[in-house]
Amino acid sequence: MDSYISISIIRMEKSYDSNLHEKDIYRLWEESGFFNPDNLPNQSGVPYTIIMPPPNVTGVLHVGHALFITIQDILIRFNRMQGKRTLWLPGTDHAAIATQSKVEKILDKEEGKRKQDLGREAFLKRVHDFAQASHDTIVNQLKFMGASCDWSREAYTLDEKRNVAVRTAFKRMYDMGLIYRGNRVINWDVKGQTTISDDEIVYVERPAKMYTFRYSKDFPIAISTTRPETKVGDTAVAVHPEDKRYTQYVGKEYALEFCGVPLTIKIIADESVEKEFGTGALGVTPAHSTIDAEIAERHKLPTKQVIDERGRIIVGGENILNKKTTEAREIIVEWLKQMGLLEKGEDIQQNVATAERTGGIIEPLPKLQWFIDVNKEFELEKDKSGLLPFGTTTTNLKQLMDLAVKPGLIEIIPEHFSKTYFHWVHNLRDWCISRQIWYGHRIPVWYKGDALYCNVTPPQDEGWEQDPDTLDTWFSSGLWSFSTLGWPDESASDFLTYHPTDVLETGHDILFFWVARMILMTTCLTGQIPFKKVFLHGMVRDANRQKMSKSKGNIIDPLEVGKTYGTDALRFALVFNTAPGTDMALAEDKIKGMKHFANKLWNIARFILSNNTNEIDITTKPESLTNEDSAILQSLQETITSTTNHIEAFRLHEAAQSIYQFTWHTFADIYIEASKAQLQDETQKENTQKILIYCLSTILKLLHPFMPFITETIYQQLPFPSKQKTLMIEKWPL
RNA sequence: GCGCGCUUAGCUCAGCUGGUUAGAGCACCUCGUUUACACCGAGGGGGUCGAGGGUUCGAAUCCUUCAGCGCGCACCA
C-alpha cells in the first residue's frame with residue numbers, strides 16, 4: 001500500500017482551499033517577471049496587446065469589473081501561452097466629474113464644507129489623496145482577481161505623461177481647426193455647475209403641464225409649451241411652411257409686452273415644425289433650446305439669454321427677476337390666467353433631461369465653450385491604417401469614425417453593436433469638451449486681454465492667464481490606446497511595437513462614451529486605428545435579472561465571494577454559459593457550483609499524483625493502447641481543438657463548457673474510473689500513468705486562462721523536471 | 001417615431017456557417033461509501049425551442065407577420 005502514498009499528496013489538502021494558495025501564486029507570477037512582455041522567453045513572438053479600460057478611482061471594484069478582468073485575463077493568458085509578446089497594460093481613470101463630486105459629498109458630509117471653502121489648490125489636494133487611496137484599493141483588487149497585467153507600465157489618466165499627451169493632442173487639433181471656441185447653446189448642469197456632453201444626459205420621464213396661450217391679446221397665434229418662463233426669451237414663432245392656418249402671418253413682426261418684458265416676435269416658416277403638435281406653432285427660444293438655436297441660425301434670429309447659470313431668470317421686473325425657473329413659471333402662468341391669455345393647461349408625460357452624474361436638471365443655455373468640430377474637413381497626414389479611400393487625404397472626424405469600423409480594420413463583437421455605433425456616428429454633433437470643474441486636465445490655453453495662446457507649454461512672458469476650465473474626462477480617455485504607449489513620441493518603442501492594439505474589451509454601455517471617442521482621437525492624431533477588435537460584454541445582474549445596487553441590497557462583492565468560493569470559481573462562473581454582449585444573471589449558487597468543479601480538478605490531480613506518476617518518463621509515448629486509452633486521447637485532442645477555436649472566436653463560454661465537460665464527465669467519470677483497473681495490470685500500468693499525467697497537464701494548460709490559481713498550484717506539484725518556472729508561460733497544447 | 005436585442009427543461013442560460021433521438025449549470029427523484037473527490041459516483045424525470053405563415057429533402061437555427069419583455073437613439077414647442 002505504501003506505493004500509493006507519495007510526497008506530492010501530502011502537500012495537497014483533501015479539499016482545495018483557495019485561501020491557502022492564491023496569494024503565494026500571485027507572488028510567484030509577479031516575481032517571475034512574465035507579466036512584462038520584455039521578460040518573456042520568446043522575444044521574437046508576435047505582439048499581442050490589450051490596454052485595460054481604466055477603472056474610475058471613485059471607490060472599489062464591483063462584480064462588473066470582475067467580469068472584464070476575467071475576460072481580458074483569459075485572452076491575455078491564452079495569447080501569452082501561444083508564445084506571443086503579450087502586453088496587458090493596466091491603469092486607472094481620474095473620472096473628473098465623478099471623482100470630484102464624490103469628494104465634494106464626503107467634504108459636505110464629514111465637515112460641512114464646500115469646495116470653495118478650501119480653494120482650488122487645497123481641494124485638488126483632497127481629491128488627489130482620495131484618488132490615491134482609491135487607486136491602491138483597486139490595484140489590490142485587480143491582483144486578487146489574478147490579473148496578469150504589466151504593473152511596470154501602469155498608467156493614470158491624469159498623470160504627467162498623460163498630461164503631456166492631452167496637451168499635445170489639444171494643441172494639434174486646435175491647429176488643425178478641429179478644436180474651436182464658440183458661443184453656443186450647451187447642456188448646463190445647474191446642480192453640478194458645469195457643462196456636459198450630449199451623451200451624459202439621461203432622460204427621465206415625469207408628469208408635466210403643457211400650457212397653450214398667446215403672448216398678448218393682439219398676437220394672432222397661440223403657442224404651447226411646458227416652460228412658459230423661457231418665453232420671455234422668445235424672438236420668433238415658427239410655423240410649418242405649408243400650414244394654411246398661418247401663412248398669412250409669416251414674415252410679420254410683432255412688438256409686444258409679455259409679463260412685463262418687451263418682446264419682438266417675428267413669424268417665420270420652418271420645415272422642422274410639426275403641424276399636428278400643439279397649435280402647430282412653436283415659440284422660438286434661441287438661447288434655451290438646442291433645436292430653437294438651430295432654427296434661429298437658419299433664420300438669423302437674435303438670441304436673448306433669460307436664464308443664468310444658477311437657473312434663475314435674469315430679465316423682467318421684480319415679479320420674476322432672480323426667481324428660480326420653477327417659481328417664475330407659476331408666476332407667469334398666474335399672469336396669463338389673469339390676463340385671459342391662457343387657453344389650455346393639460347397634464348402630459350414629459351422626458352426631462354437630467355445630468356447623469358448629479359441627477360440635476362439640464363438647462364440649455366448659451367455659453368462660450370470649447371468644442372470638437374466633427375464635420376470640419378482636414379488633411380489626414382499619415383493614413384497608416386488605410387482608413388481613407390485610395391488617393392484621398394481629406395476627411396472629417398465623422399467620416400473617419402465611419403470608415404474605421406469595417407472588415408479588415410475595426411471589428412465589433414458581437415457584430416450587431418456596430419449598427420448602434422454607426423447610428424450614433426451619423427447623428428453626432430460637435431462635442432463640447434470644456435468643463436467647469438477643477439479636477440481634470442486643464443485646458444492648455446492662455447489669455448491676455450483679447451489675445452489667445454494655445455500650446456503644449458505656457459507662454460513665457462508675463463500677464464497670461466490660463467483658461468480655468470478642465471477637459472471632459474473622455475478627452476483624455478480617448479487617447480488611452482496610445483498615450484499609454486509613449487505617444488506623443490511616435491518613435492517610442494512601445495508605440496511602435498504594441499500599437500494598434502489587438503482587442504479593446506469593455507462594456508457595451510460605454511460604446512459611445514469611450515469606444516467611439518477612442519476611434520475619433522486615435523485615427524485623427526496617429527492615422528491608425530486604436531484596436532483591431534472591440535469585444536463587448538454585457539452587464540452583470542443578480543439571479544433575478546435585477547440590476548445590482550446598494551439600495552436593493554443585491555450586490556455581489558467579488559472579494560467576498562472570492563474568499564468564500566475562490567477567485568477561480570468566481571472567474572469561471574462569470575464566463576460559464578454567458579454569451580458575449582448579453583447581460584448575465586449571476587447567482588451565488590453558480591459560483592458555488594464552479595467551486596465544486598475546482599475541487600473536482602484538485603482531486604483528479606491528487607489521485608493521479610498519488611499513483612507514482614512522478615517516476616514516469618513522460619518523454620516517451622505510450623504504446624499498445626486499450627480502447628479506453630484511445631478514446632480519452634482522441635477526446636482530449638478534440639477538446640484542445642474546440643477550446644482553441646472557441647477562444648480565438650471570442651466564444652469563451654463555449655471554451656469553458658468544453659473544458660468543463662471533458663474534465664469532469666469524460667476524463668474523471670470515464671477514464672479515471674477505467675484507469676483504476678488498468679493500474680492494477682502490470683502490462684498496462686505504465687501506459688496508464690503516462691496517459692493520466694499527460695491528460696492532467698493538458699487540462700491544466702487549457703484551463704489556466706480561466707482558472708489561473710488552482711491550475712498553477714497543481715502545476716507546481718507536477719514531477720516534470722523540464723517544466724517551466726510557471727504554467728503561465730507553458731506552451732499552449734496543439 | 002426610428003433602431004437593436006430577447007422569448008429554448010422548475011430556475012439561469014448555451015446552441016458557431018440550417019443536418020443524426022435539442023444541451024449545460026443549478027434544483028428535483030432513486031440507488032450507492034469503490035485507489036481521488038459526498039464540494040462525490042451510477043441512474044432518472046422534465047422542453048410541441050413565444051404564436052401563425054413561408055423557404056427547404058431537412059428549421060430552435062433562414063424569411064415574414066403578430067404578441068410579450070428589455071434596451072438604445074430621437075422628439076417632447
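Note on naming: letters A, B, ... go to the chains in the order of the sequence lines (proteins, then strands), and numbering restarts at 1 for each one. We use all heavy atoms of the structure for the numbers below, so side chains are in, but hydrogens, waters and symmetry mates are not.
The side-chain contact (heavy atoms from CB on, under 4.5 Å) with A:R329 is formed by just one residue from the set A:K231, A:E229, A:K209; it is A:E229.
Comparing the same atom, P, in B:C28 and in B:G68 gives a spacing of 36 Å after rounding to whole Å. With P as the reference atom, B:G10 and B:G45 are 15 Å apart, rounded to whole Å. Distance check on atom P: B:U17 versus B:U7 gives 15 Å, rounded to whole Å. Taking atom P on both nucleotides, B:G44 is separated from B:G3 by 50 Å, rounded to a whole Å. With C1' as the reference atom, B:U8 and B:A60 are 7 Å apart, rounded to whole Å. Nucleotides B:A27 and B:C11 are separated by 16 Å at their P atoms, to the nearest Å. Rounded to whole Å, the P atom of B:G19 lies 23 Å from the corresponding atom of B:G25. Between the C1' atoms of B:G15 and B:U20, the separation comes to 16 Å (whole Å).
The shortest distance between the side-chain N/O atoms of A:T582 and the OP1/OP2 oxygens of B:G70 is not below 4.0 Å. Within the 4.0 Å cut-off from OP1 or OP2 of B:C71, not a single side-chain nitrogen or oxygen of A:H508 is found.
No more than 12 heavy atoms of other residues, nucleotides or ligands sit less than 6.0 Å from atom CD of A:E330. Heavy atoms from other residues, nucleotides or ligands lying under 6.0 Å from CD of A:E242 number 12 at most.
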**Request:** Tell me, with the steps shown, if A:T626 and A:Q684 meet side chain to side chain contact (heavy atoms under 4.5 Å, CB included).
**Result:** CA-CA 8 Å; A:T626 65; A:Q684 293 171 1; 3.6 Å; yes
**Request:** Determine, step by step, whether A:R651 and A:Q657 satisfy the side chain to side chain contact (heavy atoms under 4.5 Å, CB included) criterion, reporting the C-alpha distance in whole Å, the side-chain angles of both residues, the deciding distance to 0.1 Å, and the verdict.
**Result:** CA-CA 10 Å; A:R651 294 189 297 262; A:Q657 186 74 241; over 6 Å; no
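A:M584 places its CE atom 18 Å from the P atom of B:C11, with the value rounded to the nearest Å. If you take CG of A:L282 and C1' of B:C76, they are 11 Å apart, rounded to a whole angstrom. At whole-Å resolution of the value, CG in A:L609 and C1' in B:C37 are 14 Å apart. Atom-to-atom, CD of A:E294 to C1' of B:A74 comes out at 12 Å; the value is rounded to the nearest Å. A straight line from CZ of A:R541 to P of B:C6 spans 15 Å, rounded to a whole angstrom. For the pair A:E346 CD and B:C76 C1', the interatomic distance rounds to 13 Å; values are reported in whole Å. Taking atom CZ of A:R651 as the reference point, atom P of B:A14 lies 14 Å away to the nearest angstrom. Straight-line distance from the CG atom of A:L601 to the P atom of B:A36: 17 Å, rounded to whole Å.
A donor-acceptor contact under 3.5 angstrom links the side chains of A:T683 and A:D681, judged on distance only. Checking A:E200 against A:N187 by side-chain atom types alone, no donor-acceptor pair falls below 3.5 Å.
Minimum heavy-atom separation, A:L67 to A:V540: CD2-CG2, 3.8 Å.
Among the nucleotides B:C73, B:C37, B:C4, the one closest to any side-chain atom of A:F512 is B:C73. Out of B:G15, B:U35, B:A74, the shortest distance to the side chain of A:A579 is found at B:G15. With B:C37, B:A14, B:G5 as the candidates, the nucleotide lying closest to the side chain of A:E654 is B:A14.
Between the base of B:C39 and the side chain of A:K600 there is no donor-acceptor pair shorter than 3.5 Å. A donor-acceptor contact under 3.5 Å is not formed by the side chain of A:E673 with the base of B:U34.
Within 4.0 Å (heavy atoms only), A:I604 reaches at least one base atom of the nucleic acid. Within 4.0 Å (heavy atoms only), A:K14 reaches sugar-phosphate atoms of the nucleic acid but no base atom. A:N645 comes within 4.0 angstrom of no nucleic acid atom, judged by non-hydrogen atoms across all strands. Heavy atoms of A:V352 sit nowhere under 4.0 angstrom from any nucleic acid atom. Backbone-only engagement by A:T226 is indicated by non-hydrogen atom pairs under 4.0 Å involving sugar-phosphate atoms exclusively. As judged by a 4.0 angstrom heavy-atom cut-off over every strand, A:L679 is placed among the base-contacting residues.
Applying the Watson-Crick and G-U wobble criteria (two distances, each under 3.5 Å), B:A67 pairs with B:U7.
Between A:F513 and A:W474, the ring-plane angle classifies as parallel under the 30° and 60° cut-offs.
Each of A:N427 and A:S15 lies near RNA chain B, and the nucleotide nearest A:S15 is the one positioned closer to the 5' end. If you find the closest nucleotide of RNA chain B to A:A353 and to A:Y16, the one lying nearer the 5' end belongs to A:Y16.
Aromatic ring centres of A:W602 and A:H21 lie closer together than 6.0 Å.
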Find every protein N or O atom lying less than 3.5 Å from an N or O atom of nucleotides 24-26 of chain B, and list the pairs.
{"unit_1": "B:A24", "atom_1": "O3'", "unit_2": "A:Q661", "atom_2": "NE2", "d": "3.1"}
{"unit_1": "B:A24", "atom_1": "O2'", "unit_2": "A:Q657", "atom_2": "OE1", "d": "2.8"}
{"unit_1": "B:A24", "atom_1": "N3", "unit_2": "A:N577", "atom_2": "ND2", "d": "2.8"}
{"unit_1": "B:G25", "atom_1": "OP1", "unit_2": "A:H665", "atom_2": "NE2", "d": "3.1"}

